[in-house]
There are 2 protein chains.
Amino acid sequence: MLKISKKADYALMALQHIATVQSGDVTPGRVVNTKEIAEEYNIPLELLAKVLQTLAKNALIESHNGPKGGYLLARRAHQITIAQILESIEGPLGITDCSHEKNGEFCMQRENCHIRTPLLKVQDSIAQLLNNMTLQDMMGGTPLITIQSPTAQGVER
Amino acid sequence: MLKISKKADYALMALQHIATVQSGDVTPGRVVNTKEIAEEYNIPLELLAKVLQTLAKNALIESHNGPKGGYLLARRAHQITIAQILESIEGPLGITDCSHEKNGEFCMQRENCHIRTPLLKVQDSIAQLLNNMTLQDMMGGTPLITIQSPTAQGVER
DNA sequence: ATAGTCTCCGATCAATAAGGTCGGATTAAG
DNA sequence: CTTAATCCGACCTTATTGATCGGAGACTAT
């Protein structure tokens with residue numbers, strides 16, 4: 001439950017990759033093309049292309065056409081939040097159907113619904129969480145402050 | 001994005017209703033049948049029945065057969081967490097596909113995936129959130145500490 | 001200037017999950 | 001024993017997601 005889509009997953013991977021190449025590499029500022037990312041992470045090329053296009057449309061990355069073209073970050077990594085990335089791909093955050101109802105348009109249960117308010121609080125907490133984490137926090141040598149119990153480590157093979 | 005399913009939504013409404021009837025009513029301890037809930041909240045009867053059956057199977061509520069039968073809470077409201085309810089209906093919490101991979105079964109991107117660890121942290125934070133909120137917190141006269149800006153109120157018609 | 005990449009965009013298809021339905025078996029109160 | 005309720009499992013329909021295809025346009029290296 002509460003799963004994020006594959007597209008959003010791909011978006012995170014791609015942005016993380018672009019950010020890493022752009023900042024720490026031997027060739028800083030170099031553009032990254034779709035194919036490179038697709039091959040690196042085994043993502044279907046065409047699908048990834050669509051994802052990157054969407055991200056470009058939402059001004060998270062900039063595209064450069066032609067040979068030796070590709071994408072690069074529109075802002076610095078610490079200025080791009082996870083929430084912005086996810087919302088670019090999946091639309092606005094909403095725990096329930098009634099999260100962003102337009103005026104006068106209510107769900108069938110609205111009359112007697114007692115769970116709306118507490119659920120909106122949950123949603124808001126999640127939104128805060130995603131807004132406080134940036135692309136920078138996902139980059140290579142910067143592991144996050146772990147919340148998980150220390151004993152739960154060492155799962156990597 | 002990150003939407004919870006309608007079934008889970010229905011489960012929350014139903015449990016909130018049962019909890020309210022059971023504690024604060026003129027007839028405390030009375031059982032509540034499916035039809036009563038379905039009509040109160042305009043939920044398709046058959047679908048709600050399935051949801052309640054699932055909840056019963058997961059020992060969140062107890063079922064009583066026969067005429068004058070119905071459901072009642074298996075534990076007290078403050079001992080039932082939102083996480084338990086949601087997981088009963090939608091299965092274990094998992095932000096990504098690779099959240100609960102069985103041994104040796106990895107996703108295509110696993111090799112070079114740099115976003116898994118930070119995403120698991122996000123997931124853990126959400127899990128904490130949902131585990132710290134109980135059914136009691138959703139009940140009638142107990143509005144939650146509001147996080148939303150006070151000016152965003154008065155949306156009710 | 002031109003050729004060759006590369007991005008861009010729309011339409012389309014398949015697979016999966018969600019939402020919702022149906023019929024009959026089982027149980028217990030009256 | 002009859003009735004009304006839960007219970008159980010199979011089924012269908014629709015929406016969403018994941019993935020694919022074909023071509024048009026843009027840009028740069030040569």
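Per chain, numbering begins at 1; letters A, B, ... match sequence-line order. Note that the structure is predicted; figures quoted are calculated from it, not measured.
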Visitor: Report whether B:L73 and B:V31 are members of the same hydrophobic cluster (ILVMFWY, side-chain heavy atoms less than 4.5 Å apart, transitive linking).
Guide: no
Visitor: Between atom CG in B:L45 and atom C1' in D:dT6, what is the gap in whole Å?
Guide: 11 Å
Visitor: Can you list the other members of the hydrophobic cluster that holds A:L45, where links are side-chain heavy atoms under 4.5 angstrom apart?
Guide: none
Visitor: Side chain of A:L47 only, please: which of D:dT17, D:dA19, C:dC8 is the nearest?
Guide: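 Among D:dT17, D:dA19, C:dC8, the one nearest the side chain of A:L47 is D:dA19.
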Visitor: Any side-chain to backbone donor/acceptor pair from A:Q84 onto A:L60? Under 3.5 Å, distance only.
Guide: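 A pair under 3.5 Å: no.
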Visitor: Just the rounded figure in Å: distance from C1' of C:dT7 to CD of A:E36.
Guide: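 Spelled out: CD on A:E36 to C1' on C:dT7 is 16 Å.
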Visitor: Measure CG/A:L2 against P/D:dT17 and give the value in whole Å, please.
Guide: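 Atom-to-atom, A:L2 to D:dT17, this comes out as 14 Å.
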Visitor: Could you check how far OH of A:Y41 sits from P of D:dG18, rounded to whole Å?
Guide: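 Going from A:Y41 (OH) to D:dG18 (P), I get 19 Å.
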Visitor: Closer than 3.5 angstrom, by distance alone: can the side chain of A:Q16 be matched with the main-chain N or O of B:I115 as a donor-acceptor pair?
Guide: no
Visitor: Quick one: on DNA chain D, does A:E46 or B:Q53 contact a more 5' nucleotide (nearest heavy atom)?
Guide: B:Q53
Visitor: Between A:Y10 and D:dG18, is there a contact of a side-chain N or O with OP1 or OP2 at under 4.0 Å?
Guide: no
Visitor: Quick check on DNA chain C: between A:G70 and A:K3, whose nearest nucleotide comes earlier from the 5' end?
Guide: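 Checking each residue's closest nucleotide, the 5'-ward one belongs to A:G70.
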Visitor: Write down the distance between CD1 (A:I89) and P (D:dG18), rounded to a whole number of angstrom.
Guide: 11 Å
Visitor: Please enumerate all protein N or O atoms sitting under 3.5 Å from an N or O of nucleotides 24-28 of chain C, with distances to 0.1 Å.
Guide:
from	atom 1	to	atom 2	distance (Å)
C:dT27	O4'	B:N65	ND2	3.3

Visitor: In whole angstroms, how far is the P atom of D:dA19 from the CD1 atom of A:I43?
Guide: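 One finds 10 Å between P of D:dA19 and CD1 of A:I43, rounded.
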Visitor: Would you indicate which nucleotide in D:dG18, D:dA10, C:dA18 comes nearest to any side-chain atom of A:K6?
Guide: D:dG18
Visitor: Counting the atoms with a prime plus P, OP1 and OP2 as sugar-phosphate, which does B:K35 contact under 4.0 Å by heavy atoms, base, sugar-phosphate, or nothing?
Guide: nothing
Visitor: Whether A:Y71 contacts C:dC8 is assessed here as follows: a side-chain N or O lying under 4.0 Å from the phosphate OP1 or OP2. Is that the case?
Guide: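 True: A:Y71 side-chain N/O within range (under 4.0 Å) of C:dC8 OP1/OP2.
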Visitor: Roughly, in whole Å, what's the span from NZ in A:K7 to P in D:dT20?
Guide: 13 Å
Visitor: Nearest-Å distance, CG (B:L72) to P (D:dA5)?
Guide: 17 Å
Visitor: Of the nucleotides C:dG20, C:dA18, C:dG30, which one has an atom closest to the side chain of B:K68?
Guide: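 The listed nucleotide nearest to B:K68's side chain is C:dG30.
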Visitor: Please list every donor-acceptor pair under 3.5 Å in which a side-chain atom of residues 47-55 of chain A meets a protein atom from a residue at least two apart or in another chain.
Guide:
from	atom 1	to	atom 2	distance (Å)
A:Q53	NE2	A:A49	O	3.4
A:T54	OG1	A:K50	O	2.9

Visitor: For the atom pair OG1 (B:T134) and CD1 (B:I82), what is the distance rounded to the nearest 0.5 Å?
Guide: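 That separation rounds to 6.5 Å.
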Visitor: Got a second to check how far B:Q123's CD is from A:I4's CD1, nearest 0.5 Å?
Guide: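 Here the rounded value is 10.0 Å.
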Visitor: Using OP1 and OP2 only, check whether a side-chain N or O of A:T34 sits under 4.0 Å from C:dT7.
Guide: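 Affirmative; the distance criterion is met.
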